[in-house]
Amino acid sequence: MTPLTDLGLKGARARVLVLYTGGTIGMRASSQGYVPAPGFAARLADHLVADTRKALPDYDLEELHPLIDSADLAPNDWNRLVARLAVHWAAYDGFIVLHGTDTMAYTASALSFMLGALDKPVLLTGAQIPLGEPRSDALDNLVTALQMAVHPDVPREVGIVFHQRLLRGNRARKVHSQGMAAFDSPNAPWLGEAGIQLRFLSQGLPAGAAPDFTPVNFLSEAVALLAVHPGLSPVLLESVLGQAGLKALVLMTYGAGNPPGLEGRLVPALHEASRRGIAIVNLTQCLQGHVIQGAYATGGALSAAGVTGGHDMTLEAAISKLHVLLGRGLAGEALKAAFLCPARGDITLG
Ligand code: ASP
């Protein structure tokens, strides 16, 4: 994603930068279904009635190239976004990233880990129905994000604004494929809400100085995900753990972090992989609650095998955090310690 055009309303008092990356919000129907479409700034200007426009902060809109369906997102796209933020950071008070909903929670998580402590908000938003279509939520989501981005009480962190909610980015999940309330943070309180007034329910994370814009050397094939299920073959687990280039596995287990025994082959396979330096993180398949590795004998054996309990972290946060930490060169105990560090509000220990 490199910048293509700068079609926004250039004003002397421009305060918010909107980075348009693609996604349903700006898509157009084609014979193959919805596809990303350029020219969002002009279309947005057509749809914003003058009264609404007057009540909004000034913004510039930068379109990235190529625009993508966020299902095609790869970790290197996070570097491209951070590079655009780095170029513009000093010139704006707040930043909005227009993003497809499918992987928005991954990008919000990754940006939170890459940028670290922030002195300005970075808010991601998108839509379930493209701008200009009947009942589109594009304008509402974007207008709310624009107002929140310059509000004095907005938490200075990476958030997702969707359907009148402000969520911590690395706690957010896409929870509905069809409904307009597509995002929630099932394991953490909302950061804010847009009723008649904007209300910020939390002060958020302590504000920082300028963020860290250092690019991450993302490693391909380094992170894998495996969800246990009745009938999971031990051979499949062993083959995932044997994959060349693998450095971390996220294992989605049942309930409080309980895996199946896999005919006695699970623990030895995990133990052997940990000895080879592969980090294994245990997350629950439940939407709420956290992993207590050791509540049951089946889970307790995981700790002995070197598996790290992921507490209440989301799947999206865990995968993004592992990508970022591995790409920053961490390994072994340093990787585990950094993974469990709650600095970005992504994990509740205990
Ligand atoms: N596939 C689309 C995307 O993630 C879905 C959306 O934006 O709602 O880019």
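Start at 1 and go down the list; that is how both ligands and their atoms are numbered.
Checked for salt-bridge contact, D46 and R43 miss the test: no charged N lies under 4.0 Å from a carboxylate O. Taking the charged nitrogens against the carboxylate oxygens, D102 and K174 do have a contact shorter than 4.0 Å, which makes a salt bridge.
Of the candidates S70, G126, S177, the one placing a heavy atom closest to atom 4 (O) of ligand 1 is S70.
Distance alone, capped at 3.5 Å, places no donor-acceptor pair between the R168 side chain and the A188 backbone.
Counting heavy atoms from C-beta outward, W78 and H323 have side chains that approach closer than 4.5 Å.
Residue K174 has no nitrogen or oxygen atom sitting less than 3.5 Å from a nitrogen or oxygen atom of ligand 1, judged on distance alone. An N or O contact shorter than 3.5 Å links T24 to ligand 1 by distance. In terms of polar-atom proximity, T103 is not counted as a contact of ligand 1, lacking any N or O under 3.5 Å from an N or O of the ligand.
Each of R171, H311, H290 was checked for a side chain to side chain donor-acceptor pair (under 3.5 Å) with T348, and the lone residue meeting it is R171.
Annotation for ligand 1: atoms under 4.0 Å from non-hydrogen atoms of T101 are 3 (C), 4 (O), 5 (C), 6 (C), 7 (O), 8 (O). Interface of G23 with ligand 1, defined as ligand atoms under 4.0 Å from a residue heavy atom, comprises 7 (O), 9 (O). Close approach of ligand 1 to A127 (heavy-atom distance below 4.0 Å) involves ligand atoms 8 (O).
With Y92 as the aromatic partner, K120 does not meet the cation-pi criteria of under 6.0 angstrom to the ring centre and within 45 degrees of the ring axis.
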